[in-house]
Amino acid sequence: MEALRLRPHPYLLRRGVGACIAFFTPAFAVLYFLTIPDGPWWAVTVAQVIVSLMFAYSIVSYVRLGVWVTHDAIAERGFFGVTQRFARDELGPIVFVNTYHGGWVDTVPQLFITDPNGKQLIRLRGQFWSRDTMQTVMSTLDVPLTEIDHPVSNSELHATYPGLLYWFERRPVAAALAFAGILIAGCAILYGLLVLLGRTN
């Protein structure tokens, strides 16, 4: 049987491209205005080249994203190009659930492909994948299916299925502290570079 290729929502790419263009075009225009001709305009050019390469890489990576499914196997190509494939004998049950998102009103569907021990192997989130795509996986892949018939929070999901969520979802406070530390360190490095550039000019 030929594998079905499933793709994430196409509108996310359009939104991402539009947001990047809307943000970086005026940002670099202002930086060039402030640095040409006597400032470190070359640093702005280097930054623009780096951002442009990252932008192009992101577009190519998103276009190549996909899930391939047959009745006895499933494969996923992630954002960084890594493809992982799992045969039916490596799989446990599929778990389909609606989780609360952004409070206690909105919910988002999620599909988890697990190993026999209940650990997440592949995850399809409703923010990126359509419900029809999830239904296709559930109806095509010949493994047991568990459907939770009521919305649950992440803590409730973790209590019942501890192997499904990422570490930062299981420990949101630690994740927030780690993010804040990385942000502070990045700002300190950027400030140091700006001071260094100011001294060399």
Side-chain angles (χ1 to χ4, degrees), residues 1-17 19-20 52-101 107-172 174-175 178-179 182:
M1 176 182 177
E2 184 179 354
L4 295 172
R5 182 179 183 182
L6 308 171
R7 301 176 185 271
H9 292 304
Y11 68 80
L12 294 175
L13 179 61
R14 296 193 295 269
R15 287 183 180 178
V17 170
C20 287
S52 298
L53 291 175
M54 293 175 61
F55 183 58
Y57 175 82
S58 298
I59 293 175
V60 173
S61 296
Y62 193 87
V63 170
R64 297 184 67 207
L65 282 174
V67 167
W68 290 259
V69 62
T70 66
H71 74 281
D72 60 355
I74 187 169
E76 178 190 39
R77 179 186 289 150
F79 184 80
F80 295 103
V82 177
T83 300
Q84 47 183 356
R85 183 183 185 278
F86 303 99
R88 182 168 50 191
D89 57 5
E90 300 176 271
L91 301 176
I94 295 174
V95 179
F96 178 77
V97 61
N98 287 282
T99 57
Y100 289 109
H101 175 69
T107 61
V108 60
Q110 300 202 55
L111 186 70
F112 298 90
I113 312 298
T114 70
D115 67 12
N117 297 318
K119 183 179 179 181
Q120 177 201 142
L121 297 176
I122 295 175
R123 178 180 184 177
L124 303 184
R125 300 188 189 203
Q127 296 97 324
F128 307 105
W129 303 86
S130 70
R131 190 181 292 267
D132 288 343
T133 295
M134 299 180 194
Q135 292 289 347
T136 299
V137 173
M138 289 188 285
S139 61
T140 303
L141 192 59
D142 186 17
V143 296
L145 170 64
T146 298
E147 291 191 66
I148 301 177
D149 59 3
H150 58 279
V152 299
S153 65
N154 279 350
S155 59
E156 292 171 328
L157 183 62
H158 176 59
T160 308
Y161 300 96
L164 297 185
L165 299 178
Y166 298 118
W167 73 268
F168 53 83
E169 294 174 301
R170 300 192 301 267
R171 301 177 179 85
F179 176 78
I182 294 172

If we only count heavy atoms from C-beta on, is the I148 to L157 side-chain gap below 4.5 Å?
-> yes

With side chains defined as the heavy atoms from C-beta onward, is the minimum distance between L121 and Q84 less than 4.5 Å?
-> no

Nearest heavy-atom pair of M134 and G126: which atoms, and what distance?
-> CE-N, 3.5 Å

Interatomic spacing from CZ in R5 to CG in L65 - rounded to 0.5 Å = 8.5 Å

Is the shortest heavy-atom distance from the side chain of N98 to the side chain of R131 under 4.5 Å?
-> yes

Return the minimal non-hydrogen interatomic distance between W129 and R7, and the atom names on each side.
-> CZ3-C, 3.4 Å

Is there a donor-acceptor pair closer than 3.5 Å between any side-chain N or O of N117 and the backbone N or O of K119?
-> no

Could you list the residues that satisfy salt bridge (charged side-chain N to carboxylate O under 4.0 Å, His left out) with R123, not counting sequence neighbours?
-> E169

Do the non-hydrogen side-chain atoms of V143 and I74 ever get within less than 4.5 Å of each other?
-> no

Closest non-hydrogen atom pair, C20 against F55 | CB-CE1, 3.6 Å

Hey, what do you get for CZ (R77) to CH2 (W68), rounding to the nearest 0.5 Å?
-> 4.0 Å

Rounded to the nearest 0.5 Å, what's the gap from CG on L91 to CD1 on I122? Could you check?
-> 7.5 Å

Test item: H9 and Q127 side chains (from C-beta on) under 4.5 Å apart, heavy atoms | no

Which atom of Q110 lies closest to which atom of R125, heavy atoms considered = OE1-CG, 3.7 Å

For T140, the option from D72, L4, L6 that meets side chain to side chain contact (heavy atoms under 4.5 Å, CB included) | L4

Looking at side-chain heavy atoms only, is the closest gap between F86 and I113 below 4.5 Å?
-> no

Do S58 and F79 have side chains that get closer than 4.5 Å, going by heavy atoms?
-> yes

Working to the nearest 0.5 Å, report the span between CD of Q120 and CG of L164.
-> 7.0 Å

So, do Y161 and T114 sit near enough that their side-chain heavy atoms are less than 4.5 Å apart?
-> no

So CD1 of I94 and CG of L141: to nearest 0.5 Å the spacing works out to 4.5 Å

